[in-house]
Each structure stands twice: as structure tokens, then as C-alpha cells.
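See below for the structure under consideration.
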Amino acid sequence: FEVVQSDEIVSYKPQANAALKKFIEADIDVMVMYSATWVWASELAFIASEIGRSVILWAPATSRGWTHVGATVVHGALA
């Protein structure tokens, strides 16, 4: 298998658009998204909703940075 990753951390809409374009062009089978903070939940939700592929949303079980809150927000937005 081949791993395709974003060129930079996706924290703003232009970065989300660039990452989405890269993943679509690579014709990925599945996407693993790491939720680093609740602040970037909208960018993760945007990519997940537009990619048209299976998405695994991953966040560590820690309150530091509220990573699990970001994952919960993305999950709720996609439900």
C-alpha cells in the first residue's frame, strides 16, 4: 500500500482545499484523519464530507488540546 499525506498541517480552508485536491488526484481508498484540536474541526469535516471515501477519524484519549472534542464535532457534523 501507499501512504499519501498532506503537504502541511491543515488548519485553514485553503490548506484543506489543497489537501482535498491532492487526495482526490491520488485516488485514495481510505482516509485516516488525526484530530489534533477542536479548533480545526471545520476543516476536517469539510475534507471528510467532500472526499467521497471511507474516513477513519482518530484522536487520542486526552484532554490536552481537546483533541477528542474535535473528533466529536467532526463526527456530529457528518452524522
Under 3.5 Å, sequence neighbours excluded: what are the donor-acceptor pairs made by side chains of residues 21-31?
from, atom 1, to, atom 2, distance (Å)
Lys22, NZ, Gln5, O, 2.8
Lys22, NZ, Asp7, OD1, 2.6
Asp27, OD1, Arg53, NH2, 2.5

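Linking ILVMFWY side-chain heavy atoms closer than 4.5 Å, directly or via other members, places Val74 and Ile51 in a single hydrophobic cluster.
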message: Run the side-chain contact (heavy atoms from CB on, under 4.5 Å) test on Lys13 and Phe46 for me, step by step, so that the C-alpha distance in whole Å, both residues' side-chain angles and the decisive distance to 0.1 Å come before the verdict.
response: CA-CA 9 Å; Lys13 190 69 173 239; Phe46 166 73; 3.7 Å; yes
- request: Please lay out, stage by stage, how Trp40 and Ile9 fare under the test side-chain contact (heavy atoms from CB on, under 4.5 Å).
  value: CA-CA 10 Å; Trp40 300 333; Ile9 294 173; 3.4 Å; yes
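Evaluation of the salt bridge (Lys or Arg N to Asp or Glu O under 4.0 Å) test over residues 67-79, restricted to residues two or more places apart or in two chains, returns none.
Considering every non-hydrogen atom in both Ser49 and Leu78, the closest pair reads CB-CD2, 3.9 Å. The two residues Leu57 and Ala71 have their closest heavy-atom pair at CD2-O, 3.2 Å. Of all heavy-atom pairs between Glu43 and Ser11, the closest is OE2-O, 3.6 Å. Listed here is the closest heavy atom pair of Pro60 and Ser35: CD-O, 4.1 Å.
The distance from the CG atom of Leu44 to the CE atom of Met33 is 4.0 Å, given to the nearest 0.5 Å. For the atom pair Ser6 OG and Ile47 CD1, the distance stands at 7.0 Å (nearest 0.5 Å).
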